[in-house]
Amino acid sequence: MRYSRMLLPTLKEVPSDADVISQKLMMRAGMIRKVAAGIYNLLPLGLRVVNKVEQIVRTEMNRAGAQEVLMPMVVPAELWQESHRWDEYGKELLRIRDRHNRDFCLGPTHEEVITDMVRREVRSYRELPLNLYQIQTKFRDEIRPRFGLMRGREFMMKDAYSFHATDESAEAEYRNMFDTYTRIFERCSLQFRAVEADTGSIGGRFSHEFHVLADSGEDAIASCDACDYAANLERAELKDPGFAPAGPKAVEKVSTPGKKSVEEVSAFLGVPQSSLIKTLIYETDRGAVAVCVRGDFEINEVKLKRELKAQFVRLADDDAVRKATGAPVGFAGPVRIKAPVYADFSVKGIPSGVTGANEADTHLMNVSPSRDFNATYLDLRNAVAGDECPRCSGRLVIKRGIEVGHIFKLGTKYSEAMGATFLDPEGRERPLIMGCYGIGIGRTAAASIEQNHDEFGIIWPSPLSPFDCEVVPVNVKDEGTVKVAEEIYSKLTARGVDALLDDRDERAGVKFKDADLIGIPVRVTIGERNLKQGMVEIKERRSGEVRLVKVEEAVEELEKAIKK
RNA sequence: CGGGGCGUAGCGCAGCCUGGUAGCGCACCUGCUUUGGGAGCAGGGUGUCGGAGGUUCGAAUCCUCUCGCCCCGACCA
């Protein structure tokens, strides 16, 4: 490709609405342009990268035995009504009407469509298992799209769905996909971690997320420094440390006028925050409950909801708190409270704590969980760095991650709702057992930039690079330079190397800056100065390493550098 | 949904408070010089000041409505 003919509008200045590195660099490198909130044009350079990711995903999926299909982006409401998600999914589902006033939606995911496809075609266990995938544009009307391709409303996704006659088969495919995803992200040269995840509203019993580690990630991940345990912070399990022995002193009421927050009470009474028993009132579909946690920890509402088997949990408002505790907000405690008490394991470790007295402006001191109140103890808090690993004796570290892949075991949620059944060997009709497996294509490309850049621009790992090599003639007005550059370029092209020839009539500095910005891993510079010695210069983007090679050996040397 | 902010040339922004010829830098076009890390000089403005309505002799500027975008939070997964 000749630069002079390519739509590759690089920017010196950063557009004001970009706020993560990958978005800034994708804009500056002329890869993407915004069309509307969370909706982007992919320019030629951007599409090349997305195509690279796509191709890696496609070949690995095919190798894993999955088959590619393509489903419509516009989906009739009936299918979503059958699964009940038309009502459950919320505003992220963009609903549209056709000219006959019939309801449709833009597919944010395709469980319904694929289940419909398979129930029409599959009758017998002999046709199973089946893994079908597509690489397609999705639309989710996100509340707050941001970070460029990382959280767009319209985005490219690979979504795969598998169908099985038995649990064992479904689990084997889950492992197959786990391994496939590992290969895919390894091939993309990403630093990533597979983590245990919450299954969310899609349902199912277990799932893993694949996270690219990056400070700009939207998710917090807890991982063990000793074993390979890793989990989304929402889910990271914590051990039960057992009760600390009760302190010697008896419970004592103290006046704490106006001191409501953990900080205030801790400062007022001169006790560490870790000695406080923080008590929050939650409303659930099964009534108000009191939830306790050590003062310096946070309650994890995902865990709470799961442990209580509740449909919803939400922090109670002032009135509800008053009703549950008999006191204004800020003075709730587990001792003699009307609501059922659920306490995090961390509370057990407090020998002699401070907590609200369920009375205005009053707290209790010397409260011992083992002695002074009854509670149901559960794992209810967010893990913090330094917590003990639930699987070994290692310590947890908290990192940030970008979720690029997610695998679920779905079970029969959709097949039952939609009547997708098969006949087993005994001739019984049974619902198909399903799995689903997604990869964010654009997000993977963006995540790669988050991990591979420097102050000058992008540094593509070669598997994702839009070109294998960039050929830079320093001065296109010099005939000798142009002749050698053209020769190298056409030889590379003939050998199947995807090269970009910067044949623009620009100053050297401009070309170098652009080359660094768009980040092709290998660059060859042809200039009059070195040409006099019969040499050209090869530069590696990542290391910055520069070396001179003979013109005749340039193509061979470049191929070596590219393969490395 | 709550709070805050922004909308002026392709991009980044000033001008608005205190109404009176629409500006700066970059980009772009022309010419000359320059030519290995975002060149210099000279010339050129490419604009529905987001849109609509209002106040006024006169509105980018003041008022009302509206659309779009961004940030923080909540929500959702």
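Atom set for the values below is all heavy atoms of this structure, side chains included, hydrogens, waters and symmetry mates excluded. Just so it is clear: chains get the letters A, B, ... in the order the sequence lines come, proteins before strands, and each one is counted from 1. Only a predicted model underlies this, so the values are computations on that prediction, with no experimental measurement involved.
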Nearest 0.5 Å, please: how far is CG in Asp516(A) from OG1 in Thr10(A)? 12.0 Å

With sequence neighbours left out, the residues meeting salt bridge (charged side-chain N to carboxylate O under 4.0 Å, His left out) with Glu54(A) are Arg58(A)

Could you give the distance separating A22(B) and C29(B) at their P atoms, to the nearest angstrom? 27 Å

Taking only N and O in the side chain of Ser16(A), is any of them less than 4.0 Å away from OP1 or OP2 of C11(B)? no

Residues forming a salt bridge (charged side-chain N to carboxylate O under 4.0 Å, His left out) with Glu545(A), sequence neighbours excluded: Arg547(A)

At a cut-off of 3.5 Å, list every protein nitrogen or oxygen paired with a nitrogen or oxygen from nucleotides 31-37 of chain B, distance to 0.1 Å.
residue, atom, partner, partner atom, Å
U34(B), O2, Arg507(A), NH1, 2.6
G36(B), O2', Arg529(A), NH1, 3.3
G36(B), O6, Gly527(A), N, 3.3
G36(B), O6, Asn530(A), ND2, 3.1
G36(B), N1, Glu537(A), OE1, 3.4
G36(B), N2, Glu537(A), OE1, 2.4
G36(B), N2, Glu537(A), OE2, 2.9
G37(B), O6, Arg523(A), NH1, 3.4
G37(B), O6, Arg523(A), NH2, 3.0
G37(B), O6, Lys539(A), NZ, 3.0
G37(B), N1, Asp516(A), OD2, 3.0
G37(B), N2, Phe512(A), O, 3.4
G37(B), N2, Asp516(A), OD2, 2.1

Searching all strands shown, indicate the nucleotide that pairs with A74(B) (Watson-Crick or G-U wobble; both distances under 3.5 Å). none

Looking at residues at least two apart in the chain, or sitting in another chain, which of them share a salt bridge (charged side-chain N to carboxylate O under 4.0 Å, His left out) with Lys513(A)? none

C1' spacing across the pair C70(B) / C26(B), given as an integer number of angstrom: 23 Å

Please give the nucleotide sitting opposite G12(B) as a Watson-Crick or G-U wobble pair, both distances under 3.5 Å, or none. C24(B)

Rounding to an integer number of angstrom, what distance separates G45(B) and G23(B) when you compare their C1' atoms? 11 Å

May I ask you to say what Val14(A) touches in the nucleic acid, namely base, sugar-phosphate or nothing, with a heavy-atom cut-off under 4.0 Å? sugar-phosphate

Between A77(B) and G4(B) - P atom distance, rounded Å: 28 Å

What nucleotide, of C76(B), G25(B), C70(B), holds the atom closest to the side chain of Glu13(A)? G25(B)

Between G12(B) and Lys12(A), is there an OP1 or OP2 to side-chain N/O distance shorter than 4.0 Å? no

Who passes ring-ring contact (aromatic ring centres under 6.0 Å, His included) against His110(A), sequence neighbours left out? none

Among the nucleotides C26(B), C70(B), A74(B), which one has an atom lying closest to any side-chain atom of Ile143(A)? A74(B)

Base, sugar-phosphate or nothing for Lys34(A)? Non-hydrogen atoms, less than 4.0 Å. sugar-phosphate

Using atom P of each nucleotide, how far apart are C67(B) and C24(B) to the nearest Å? 35 Å

Roughly how far apart, to the nearest Å, are G7(B) and C62(B) at atom P? 12 Å

What pairs meet the salt bridge (charged side-chain N to carboxylate O under 4.0 Å, His left out) rule with one or both residues in residues 145-155 of chain A, with sequence neighbours excluded? Asp141(A)-Arg153(A), Glu142(A)-Arg151(A), Arg146(A)-Glu218(A), Arg151(A)-Glu218(A)

G-U wobble or Watson-Crick pairing nucleotide for C41(B) (cut-off 3.5 Å, both distances): G31(B)

Donor-acceptor check, side chain of Thr412(A) to backbone of Ser415(A), threshold 3.5 angstrom: yes or no? no

Nearest-Å distance, CE (Met27(A)) to P (G10(B))? 15 Å

Strictly by modelled atom types, are Glu450(A) and Ser22(A) linked by a side-chain donor-acceptor pair under 3.5 Å? yes

Rounding to the closest angstrom, what is the interatomic distance between A42(B) and U34(B) at atom C1'? 15 Å

Residue whose nearest RNA chain B nucleotide is more 5′ - Arg140(A) or Leu11(A): Leu11(A)

Need to verify one output field. Residue with the more 5' nearest nucleotide on RNA chain B, Pro145(A) or Thr10(A)? Thr10(A)

Please give the nucleotide sitting opposite U64(B) as a Watson-Crick or G-U wobble pair, both distances under 3.5 Å, or none. A52(B)

Mind checking the C1' distance from G53(B) to A74(B)? Whole angstroms is fine. 35 Å

With a non-hydrogen cut-off below 4.0 angstrom, is Arg28(A) in contact with a base, only sugar-phosphate, or nothing? base

Separation of A77(B) C1' from Phe139(A) CZ (nearest whole Å): 16 Å

